[in-house]
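One structure is given here, and the rest of the page talks about it.
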Amino acid sequence: MEDLLKDLNPAQHAAVTLPPQHALILAGAGSGKTRVLTTRIAWLLSTRQVSPAGVLAVTFTNKAAREMGTRLSAMLPVNTRGMWIGTFHGLCHRMLRAHHREAQLSQTFQILDSQDQLAAIKRLIRTLNVDDEKFPPRNIQHFVNNAKEEGLRPGAVEAHDDYARRCVELYQAYDAQCQKEGVVDFAELMLRSYELLERDALLREHYQRRFEHVLVDEFQDTNRLQYRWLKALAGGGAAIFAVGDDDQSIYAFRGANVGNMAAFEREYSVTNLVKLEQNYRSHGNILGAANALIRNNLNRLGKNLWTDFGEGEPVRVHEASSDTLEAQWLVEEIQALSRDGLARDDIAVLYRSNAQSRVIEHALFSAGLPYRVYGGLRFFERAEVKNALAYLRLIENGADDGAFLRVVNFPARGIGARSVEAVQDAARAAGCSLSDAVSMLEGAAANRMSAFSALVAALRAETRAMSLAESVEHVIERSGLVAHYRSEREGQERVENLRELVNAAAAFVMPDGAAYDGKAIGEDATAPVTPAAPITPLAAFLAHAALEAGDHQAGEGAEAVQLMTVHSAKGLEFDAVFITGVEEGLFPHENAVAEEHGLEEERRLMYVAITRARKRLYLSFSQTRMLHGKTRYSLKSRFVDELPEQSMKWLTPRTAARPGTWHEGWGGAWEGFGAQRVAGGARARAAPSDASPAWSDAVHQASRGDRPVAQRFERGLAFQVGQSVAHARFGEGVIIDLEGSGNDARAQVNFGDAGVKWLALSVARLESVG
DNA sequence: TCGGTTCAGAGTATT
DNA sequence: TCTGAACCGA
C-alpha cells in the first residue's frame, strides 16, 4: 500500500486518501488525473475500505474505461472484470440487461447507434407522411436526444407552438416505434436506466447499498441526465469522487453541463475539494501561455498550473499570408524538427475544424511526409460491416425493422421498392413487424420476400449451435455479402473488413457474464433481480459493436505526423504541437462567438490545445484562407493577444495587438487577390450616425438569393475585400466579402471581438483604416 | 437499378 | 471548393 502512494505529490496524495465522503477533484491538464482516480480505487481496495463489488467508476469513452482497468490491475492483483468500471452507456446497458423486464425491454433488445437512429427517424417521417423539409430528420434527432438528455419524455416536454408540438408528437411516435422493434438509442440507455432507478425502489436501494464508492471521470462533461443518474445511484450514502476540469469543458454542444461541477459542490456540501495543479507535461512557457489565456474566462472554479520543468522554449508564433503558405511553413518546420531527431508521431498538427486538414494534408503529401488524420469512419460504422450486423440483428431479434429494411434487398435479390412498401403496409395494418408481415403478402413479390424470410430463419437455425465467430462467418457467406463484394470492382477492402468482423467475433470476450445472469447483482439473496436473463454471445457482440464502434482507423504503420481537431486531441500529449488557423472567425469560430458563453468555450478549447504540448508549441495564422470556395480575409485570433509576451517568440514580424493597425507592413499584400471593389462608400459616409435605430437593420444575414456582385467600379471611397475598416459600434475589422451594388451594397466584415457581420453600406458608417 | 447530375451546405463528437 | 444526399433518366 505504501508503494501505491509512494510517488504521489501532496495534492495527489491528499485526493487519493480522502475519507469516504463526497469529493471534488479539480484536476488540471497533465496533473495526473487518471493516476489519482485509479490509485484512489486501489487504495480503497487495498485498505479494505471497500470490496471490488462496492466500486463503480464511470468514464465517457471506452478508451478511458479500458485504461482505468489496465492501470488498476497493474497496481493490484484484482480482477477488474467483476467491477463496475465502464462508460455511462456501458454501465446503463449492463443494468438494463440485468433488469430488462423491470425496464420493460424485450430480452433481445438491441442498441441503435446514431446512424441507425437517424435511419429510424427518416423511416418514421416517411411512414407518417410528414414533410421532411419542415421537419428535417436531423433536427428531429437532435430534438429527441436533447429531450432525453434533459430527462424528458414526450409528455414532459414543453411545447409552446405548433412546430414544437409536432416535434413532440414525432418524439412520441419514434419512441413507440423503437419500443415495438425492441431497440434503444444511446440516450435511451441512459434515460431508461435512470427511470428504472427512480421508479423501482427495491432496485434502487439495492444498488445504493451495493455501491459505496462512485468515481466519475471528466465530470465537467456530464449532462443533466448523467448528473441525475449519479444522484440516484449514490443517494443511499455512497461517496461520490468527482474528477474534472472546468477549464477543459469543451463539449457544451453535445449537452455537457459544466454547471454540474458547481452544482455538485453545492448540493452535496462538498468539503473535500482538492486541486491538482502541478503539471507533469509541459514546460513553463507553455503553461504560462495556458494560464494567461484561461485567466480571461470568468466563472471559473479557479486553478493555476505550475511545473518544475523550467521555462523551456518560447511559444512560437507564425503569420502567413495564405493558408497554403501556412501549410508550407508547417511542413518545413516539421522537417526541421525531424532532422533534430523528433519522432514524427510526437508531432501533432491541430486545427479547429476538419475542413482545415485538406490544405495541410496536401502540403504534407507533396513533401512526402507521412501523416495520419484522426477521424473518419470507424470499423463498426462501415457499410459492409453494418450490413453483416443487420443480418445478425435479424437473427437475434426478428422485430428489428431497421435491420430488415437494410438488408432485405442487399445483396440485390429482386425485391424492389414496391414489394417493400407492400410489406410495410401489411405490417402497419396488422400491427406487426416486417418479418411477421411477409407471410401475409400475395402475388409475385411474395415469393422473393418469403425467400428472404426463409434465409433469415435458416441462418437463425443454422447458427444456433455455432460459436460466435462461426456464426458470423456463416452469415457473411450464406447471406451473399462476401460474394457480392468479391464481384465488386473495388470490393476487396470490404471483403477484408467482413473477414475482420469474423476475427473481431473470435476475439470477443463476453463482458463479465455473471453480471448478466443476475448473480453478480450482489450476493444479497433478496436482491430484486430478474431471474436468470442470460444474454447470448451474439446479443453481447451486437451491443459491443454499437457501444464501441472501434478504432478510428488503424495506425498506418509508418511513424506519422498526427493531424486532428483540437477536440480529438483532448487527453493526448505530444512533444511538439502546432495549432493552426488561429484566426478570428475560425478560432474562435464565428458561430461560437454568436452563442451564449461560446467565446469562453472557445477559449477553453484553445487552452486544451495549448496544454497538449510538452516541449514545443507553435501557433500559426494566415491573412487569407480559402473557405467555401472563397478567399476569406482574417485577423489573427484575439487569443494570440491574450498570451504573455515574455513567453512568446514571433517567427514573422510581430503584428500589433488588436485593435490596431495589424496590417502594418503588409500594405500591398492585397493586390493580386482579385479584390472586388464596390460602390457605396460615399453613401456610407453620408449616412446618419448609428444613433438612429437603423443600425440594427443594417446588420443582417444576407440570404442566399441576393447574389449579383457589384462590378461597377467607382472612384473615390470604394471598399474592397481585405480592406481594414472601423465601425463605431463594432470596432475595427476587415472586409471579407462584398455583395450587391448601389443601395443594396453590403460588406461582410470580420470584426474580431464583435464577430462577422453583414453591413448595408448605405446605412452603416464604415471608416477606412490605415 | 444503377449511374450521372444537381443542389445545398459546409463546427466541434462520444456513446 | 468540396462533399453528401436526393433525384432523374435509361
Side-chain angles (χ1 to χ4, degrees), chain A residues 58-65 86-93 111-119 122 126 132-133 136-138 142 145 148-149 184-191 193 217-218 221-223 225-226 249-256 323-324 350-359 362 374-378 380-381 409-418 488-489 543-550 552 564-571 581 585-595 598 601-602 604-606 608-609 625-632 703-705:
Chain A
V58 63
T59 64
F60 278 88
T61 64
N62 292 295
K63 193 177 159 211
T87 62
F88 276 101
H89 294 86
L91 296 182
C92 287
H93 172 243
I111 302 167
L112 298 185
D113 66 17
S114 321
Q115 219 183 313
D116 299 332
Q117 184 188 34
L118 184 63
K122 279 185 182 162
R126 220 175 319 150
D132 64 356
E133 298 263 303
R138 280 215 176 271
H142 286 147
N145 290 338
K148 289 187 179 184
E149 283 166 14
V184 294
D185 57 55
F186 288 132
E188 185 72 21
L189 286 172
M190 269 316 307
L191 185 52
S193 170
D217 188 20
E218 306 276 20
D221 288 341
T222 51
N223 62 34
L225 180 57
Q226 285 157 343
S249 165
I250 56 171
Y251 285 115
F253 69 92
R254 65 173 204 214
D323 48 356
T324 327
L350 309 185
Y351 35 80
R352 172 70 236 274
S353 65
N354 287 304
Q356 289 166 250
S357 77
R358 182 171 294 120
V359 181
H362 182 78
Y374 277 64
L377 272 195
R378 300 187 296 178
F380 286 110
E381 294 168 348
N409 192 37
F410 194 94
R413 44 177 73 91
I415 297 176
R418 258 175 294 123
E488 225 179 33
R489 270 162 294 152
H544 164 80
L547 285 174
E548 189 165 0
H552 253 308
M564 66 193 84
T565 63
V566 178
H567 280 91
S568 29
K570 189 173 168 221
L586 199 57
F587 200 175
H589 197 279
E590 61 194 56
N591 296 355
V593 173
E595 283 162 17
E601 175 125 336
E602 294 290 298
R604 291 193 291 267
L605 196 52
M606 181 59 81
V608 166
R625 183 171 297 277
M626 189 63 111
L627 205 65
H628 307 333
K630 285 176 162 183
T631 301
R632 287 218 2 182
S703 63
R704 263 193 166 260

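Protein chains get the first letters and strands the later ones, always in sequence-line order, with residue 1 at the start of each. Quantities reported herein were computed from a predicted structural model and do not represent experimental measurements.
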So which protein N/O to nucleotides 1-5 of chain C N/O distances come out below 3.5 Å?
residue : atom : partner  : partner atom : Å
C:dC2   : O3'  : A:Arg358 : NH2          : 3.1

* To do: Check salt bridge (Lys or Arg N to Asp or Glu O under 4.0 Å) between A:Arg625 and all other residues, then give those that pass, not counting sequence neighbours.
  => A:Glu326, A:Glu583
* Would one find a side-chain N or O of A:Asn62 under 4.0 angstrom from OP1 or OP2 of B:dT14? -> no
* To do: Write down the distance between CD (A:Gln117) and C1' (B:dT14), rounded to a whole number of angstrom.
  => 13 Å
* If you pin A:Ser353 and A:Arg413 to their nearest nucleotides in DNA chain B, which one's is more 5'? -> A:Arg413
* Asked: Which whole-number value in Å describes the distance from A:Leu189 CG to B:dT14 C1'?
  -> 13 Å
* To do: Identify whether any heavy atom of A:Ala412 sits under 4.0 Å from a base atom; if not, whether one sits that close to sugar-phosphate; answer base, sugar-phosphate or nothing.
  => nothing
* Taking the six-membered ring for Trp and the single ring otherwise, decide whether the centroids of A:His89 and A:Phe60 are under 6.0 Å apart. => no
* Take A:His93 and A:Phe186 through the test ring-ring contact (aromatic ring centres under 6.0 Å, His included) and record every step on the way to the result. => CA-CA 9 Å; A:His93 172 243; A:Phe186 288 132; over 10 Å; no
* Asked: B:dT12 P sits how many Å from A:His142 NE2, rounded?
  -> 13 Å
* **Whole angstrom value for the distance that separates C1' of C:dA6 from CZ of A:Arg126** => 11 Å
* Phosphate contact (B:dG11 OP1 or OP2) by A:Thr565 side-chain N/O below 4.0 Å -> no
* Describe, in one word, how the ring planes of A:His567 and A:Tyr251 are oriented to each other, choosing from parallel (under 30°), tilted (30 to 60°) and perpendicular (over 60°). => tilted
* Residues which pass salt bridge (Lys or Arg N to Asp or Glu O under 4.0 Å) with A:Glu590, listed by chain and number, not counting sequence neighbours -> A:Arg632
* Asked: If you find the nucleotide of DNA chain B closest to A:Ala549 and the one closest to A:Phe253, which residue's nucleotide is nearer the 5' end?
  -> A:Phe253
* To do: Just call it for A:Asp221: base, sugar-phosphate, or nothing, with non-hydrogen atoms closer than 4.0 Å on any strand.
  => nothing
* Atom-pair distance (CD on A:Glu149; P on B:dT14), nearest Å -> 14 Å
* Looking for any heavy atom pair under 4.0 Å, which part of the strands does A:Ser568 touch: base, sugar-phosphate only, or nothing? -> sugar-phosphate
* In whole Å, what is the span from the CZ atom of A:Arg254 to the P atom of B:dT12? -> 14 Å
* Asked: So what does A:Glu595 touch, heavy atoms closer than 4.0 Å: a base, only the sugar-phosphate, or nothing?
  -> base
* Find out whether A:Lys148 and A:Glu188 are in side-chain contact, i.e. whether some heavy atom of one side chain is under 4.5 Å from a heavy atom of the other. => yes
* Asked: Just how far, in rounded Å, is P of B:dT15 from CD of A:Gln226?
  -> 12 Å
* Asked: What does A:Phe88 touch in the nucleic acid at a heavy-atom separation under 4.0 angstrom: a base, only the sugar-phosphate, or nothing?
  -> nothing
* Asked: Looking for any heavy atom pair under 4.0 Å, which part of the strands does A:Glu602 touch: base, sugar-phosphate only, or nothing?
  -> base
* To do: Using the P atoms only, state how far B:dT12 lies from C:dA5, rounded to an integer number of Å.
  => 16 Å
* So what does A:Asn223 hit on the nucleic acid, given a heavy-atom distance under 4.0 Å: a base, only sugar-phosphate, or nothing? -> nothing
* Asked: Has the side chain of A:Asp221 got a donor or acceptor atom that lies under 3.5 Å from a matching backbone atom of A:Ala256?
  -> no
* Does some side-chain heavy atom of A:Val58 sit less than 4.5 Å from a side-chain heavy atom of A:Thr87? -> no
* Whole-angstrom distance between B:dG11 and C:dA6, as gauged at atom C1' -> 24 Å
* **A:Asn354 CG - B:dG11 P separation (whole Å)** => 9 Å
